[in-house]
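Some notes on the structure that comes next.
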Amino acid sequence: NAGVMQNPRHLVRRRGQEARLRCSPMKGHSHVYWYRQLPEEGLKFMVYLQKENIIDESGMPKERFSAEFPKEGPSILRIQQVVRGDSAAYFCASSPFTGLNTEAFFGQGTRLTVV
Amino acid sequence: TQLLEQSPQFLSIQEGENLTVYCNSSSVFSSLQWYRQEPGEGPVLLVTVVTGGEVKKLKRLTFQFGDARKDSSLHITAAQPGDTGLYLCAQVSYSGAGSYQLTFGKGTKLSVIP
């Protein structure tokens, strides 16, 4: 049973370009979460999705960031017109259910560098 | 938003030593999780604690949840170089609209020197 798969592992973009980060959850998991980790900072929640629905996007910047989890295929985190401050590690996690005992399985992350 | 304070921020010890790291909050935790993150990897769940006073053991790791559920500790006995990593505590909380979130502390970066 493969774990959470994220790709690419490393992504370099010039300022103003678009970044697309992909996440395939574990088999049987319908809950997907995206987190951002800045250097010397903790993991910050961005968005929680279920198939075809955004449930909670309270951690997403209001502009340039969007996420989707289509019926078929991976979840996508999209960052338009990237700026240097977007450089960070972006982690996806999936879980089979949601609740106080939620066990989140994290992918290896995508490290975005904006030059 | 509940803030989680982890201490110490950095810890460097010799192989074989014991250590304890802490996670504290001004508010009550509904449930608390500990993760370990190795360089270049995602966090891996170690344990979930729910009940005040709860103690859980995972080989050389002992996790304790405070009676008032506002603090937790992780104790490692006879540390090994393989224990090196970033130890994160996370609060599981309900954020509304059917959404449970993990709120992480900044972590304790542990380095075990052979």
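Throughout, protein chains are lettered first and strands after them, A, B, ... in sequence-line order, and every chain is numbered starting at 1. Values below: every heavy atom of this structure, side chains too, minus hydrogens, waters and symmetry copies.
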Should [X] and [Y] be counted in the same cluster of Ile, Leu, Val, Met, Phe, Trp and Tyr side chains packed under 4.5 Å apart?
| X | Y | value |
| --- | --- | --- |
| V47(B) | V50(B) | no |
| I76(A) | Y33(A) | no |
| M26(A) | V32(A) | no |

Among F45(A), Y48(A), Y35(A), find the residue that satisfies the side chain to side chain contact (heavy atoms under 4.5 Å, CB included) test when tested with L102(B).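 Testing each of F45(A), Y48(A), Y35(A) against L102(B), the sole residue satisfying side chain to side chain contact (heavy atoms under 4.5 Å, CB included) is Y35(A).
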Atom [atom1] of residue position [X] - does it have more than 12 heavy atoms of other residues, nucleotides or ligands inside 6.0 Å?
| X | atom1 | result |
| --- | --- | --- |
| M5(A) | CE | no |
| R60(B) | CZ | yes |
| E15(B) | CD | yes |
| K57(B) | NZ | no |

Check: Under 3.5 Å, is there a donor-acceptor pair linking the side chains of Q37(B) and Q37(A)?
Finding: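 Present: a donor and an acceptor within the cut-off.
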- Item | Pairwise distance CG(D56(A)) to OH(Y100(B)) - rounded to 0.5 angstrom |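 Nearest 0.5 Å value for the CG-OH distance: 12.5 Å.
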* Rounded to the nearest 0.5 Å, how far does CD of Q101(B) lie from OG1 of T102(A)? ->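 If I round to the nearest 0.5 Å, the distance is 11.5 Å.
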Please rank S58(A), A104(A), G109(A), G59(A) by heavy-atom pairs under 4.5 Å with chain B and give me the top one.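 Looking at each of S58(A), A104(A), G109(A), G59(A) in turn, A104(A) comes out on top.
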Inset, instruction - Please look at A93(A) and chain B and tell me whether the side chain, the backbone, both or neither of the residue comes under 4.5 angstrom of a heavy atom of that chain. - result: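 The answer is neither part of A93(A).
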key: Segment of S95(A) engaging chain B (4.5 angstrom heavy-atom cut-off)   =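 For S95(A), neither part sits under 4.5 Å from chain B.
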What I'd like to find out is whether the side chain of P43(B) reaches to under 4.5 Å of the side chain of F91(A), using heavy atoms alone.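 Yes - at least one pair of side-chain heavy atoms lies under 4.5 Å apart.
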Exercise. Name the option with the most non-hydrogen atom pairs under 4.5 Å to chain A; the candidates are G105(B), S31(B), G40(B).
Key: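 Counting heavy-atom pairs under 4.5 Å, the top option is G40(B).
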